[in-house]
Amino acid sequence: MEWFKLSPRTFWHYILSSAIAIVMVFPLLWMLSTAFKSSNENLFSFPPQLFPSQPTWQNFGRVWQSHPFYLYVWNSTLVAAIAVVLNLLFCALAAFPLARIAFKGRKLIFWLVIATTIIPFQITLVPLYILAVKLNLRNTYAGLILPYGASAFGIFLLRQAFLAIPKELEEAATLDGCHPLGIWWHVMIPGVRPALTTLAIFTFVGMWGDFLWPLIMVDRPSLFTLPLGVVSLTSAFSEDWRLICAGAIVSILPILILFIFAQKYIIPTDFTAGVKG
């Protein structure tokens with residue numbers, strides 16, 4: 001028995017870690033349980049009943065029938081996917097000169113970009129909304145996507161990844177007649193794929209779960225994203241927690257699937273494999 005070979009300190013470390021994990025996972029388990037409970041079961045019984053006595057898929061069917069969740073899923077997927085593409089493109093283009101091209105004021109520009117990360121989004125919300133309204137971007141996909149087309153975090157992440165690439169690879173590409181844009185595409189981008197994958201996941205998760213900006217930018221149900229769709233399951237006079245939890249489960253599943261399939265790509269890259277001498 002491996003447990004008996006553990007030192008007391010390690011044993012209590014595992015106990016404490018397990019207790020923290022249970023506390024963190026319990027709300028998700030309760031939400032999953034509520035989503036499968038039938039209308040005959042009391043959600044607020046005491047003692048609490050974690051496992052439904054009569055599991056049913058009816059709540060998920062009612063969610064899809066009463067609200068156009070297929071449209072909410074499509075809107076969230078479209079907005080998040082385009083935001084990911086724009087972030088990868090613009091952040092990589094901005095990070096490359098900050099990492100590999102020497103020009104006057106490079107450090108100042110980099111630190112100004114980093115300084116924007118300490119500004120809460122709520123501070124820029126009003127001027128950003130006014131700008132979007134003046135550009136006629138309200139109730140449009142562009143209005144949901146463009147404010148997230150690039151991020152200071154993405155520029156910082158990719159800049160650090162570009163700095164880790166050996167300069168010999170860049171020099172070899174230059175000797176072969178490759179121009180800076182070609183070096184960026186053929187040398188730098190393949191070398192920072194793990195960082196690109198990480199940025200893509202962060203951007204997708206952030207856009208998928210964003211609630212505040214879509215809330216003020218769109219008021220047409222045909223443009224609602226999933227967070228707004230889940231909120232629409234509530235009303236001023238009644239709240240069916242079974243439907244709300246079922247809708248929340250629907251909104252979480254794509255994130256879990258993305259992480260399961262993308263985590264294998266977040267691996268260290270051996271930049272020195274192509275450098276000899």
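Just so it is clear, the structure is predicted and the values come from calculations on it, not from any experiment.
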For this session: Please report the closest heavy-atom contact between Ala248 and Met31, naming both atoms and the distance.
Result: CB-SD, 3.4 Å
Exercise. Which is it for Leu199 and Cys91 under the side chain to side chain contact (heavy atoms under 4.5 Å, CB included) test, yes or no, and what are the steps along the way?
Worked result: CA-CA 9 Å; Leu199 178 59; Cys91 290; 4.1 Å; yes
Problem set entry | Cluster check Met188, Val85: I/L/V/M/F/W/Y, side chain < 4.5 angstrom | no
Problem set entry | Non-hydrogen atoms of Arg159 and Ala95 that approach each other most closely | N-CB, 3.5 Å
For this session: Could you give me the CA-CA distance, side-chain angles and deciding distance for Val218 and Phe224, then say whether side chain to side chain contact (heavy atoms under 4.5 Å, CB included) is met?
Result: CA-CA 7 Å; Val218 298; Phe224 278 7; 4.2 Å; yes
Exercise. Do Phe36 and Phe51 have ring centroids that are under 6.0 Å from one another?
Worked result: no
Problem set entry | hydrophobic_cluster_shared for Leu112 and Leu98, side chain cutoff 4.5 Å | no
Exercise. Has Trp74 got more than 12 heavy atoms of other residues, nucleotides or ligands less than 6.0 Å from its CH2?
Worked result: no
Problem set entry | Heavy-atom side-chain proximity of Leu86 to Ile82 below 4.5 angstrom | yes
Exercise. Got more than 12 heavy atoms from elsewhere within 6.0 Å of CH2, Trp185?
Worked result: no
Problem set entry | Within one Ile-Leu-Val-Met-Phe-Trp-Tyr cluster: Ile109 and Leu163, side-chain cutoff 4.5 Å | no
For this session: Measure from NZ or CZ of Lys37 to the centre of the six-membered ring of Trp57, then state whether that distance is under 6.0 Å and the direction lies within 45° of the axis.
Result: no
Problem set entry | Centroid separation Phe153 to Phe156 less than 6.0 Å | no
Exercise. Quick one: do Val25 and Leu16 end up in the same hydrophobic cluster if we chain Ile, Leu, Val, Met, Phe, Trp and Tyr together by side-chain heavy atoms under 4.5 Å apart?
Worked result: no
Exercise. Do you know the tightest heavy-atom contact between Gly149 and Phe90?
Worked result: O-CD1, 3.5 Å
Exercise. Of all residues at least two apart in sequence or in a different chain, which pass the ring pair (Phe, Tyr, Trp, His ring centres under 6.0 Å) check with Tyr129?
Worked result: none
Problem set entry | Ile252 CD1 to Ile257 CD1 distance, which is reported to the nearest 0.5 Å | 12.0 Å
Problem set entry | Pairwise salt bridge (Lys or Arg N to Asp or Glu O under 4.0 Å) hits with a residue in residues 89-105, at least two apart | Arg100-Glu170
For this session: Please report the closest heavy-atom contact between Asn139 and Asp219, naming both atoms and the distance.
Result: OD1-N, 2.9 Å
Exercise. So, for Ala152 and Thr116, which heavy atoms are closest and what is the spacing to 0.1 Å?
Worked result: CB-OG1, 3.4 Å
Exercise. Below 6.0 angstrom between ring centroids: does that apply to Phe162 and Trp184?
Worked result: no
Problem set entry | Smallest separation among heavy atoms of Val230 and Gly247, with atom names | CG2-O, 3.7 Å
Problem set entry | Trp213 with Ile119, same ILVMFWY side-chain cluster at under 4.5 Å | no
Exercise. Side-chain contact, heavy-atom cut-off 4.5 Å: Asn59 with Val63?
Worked result: no
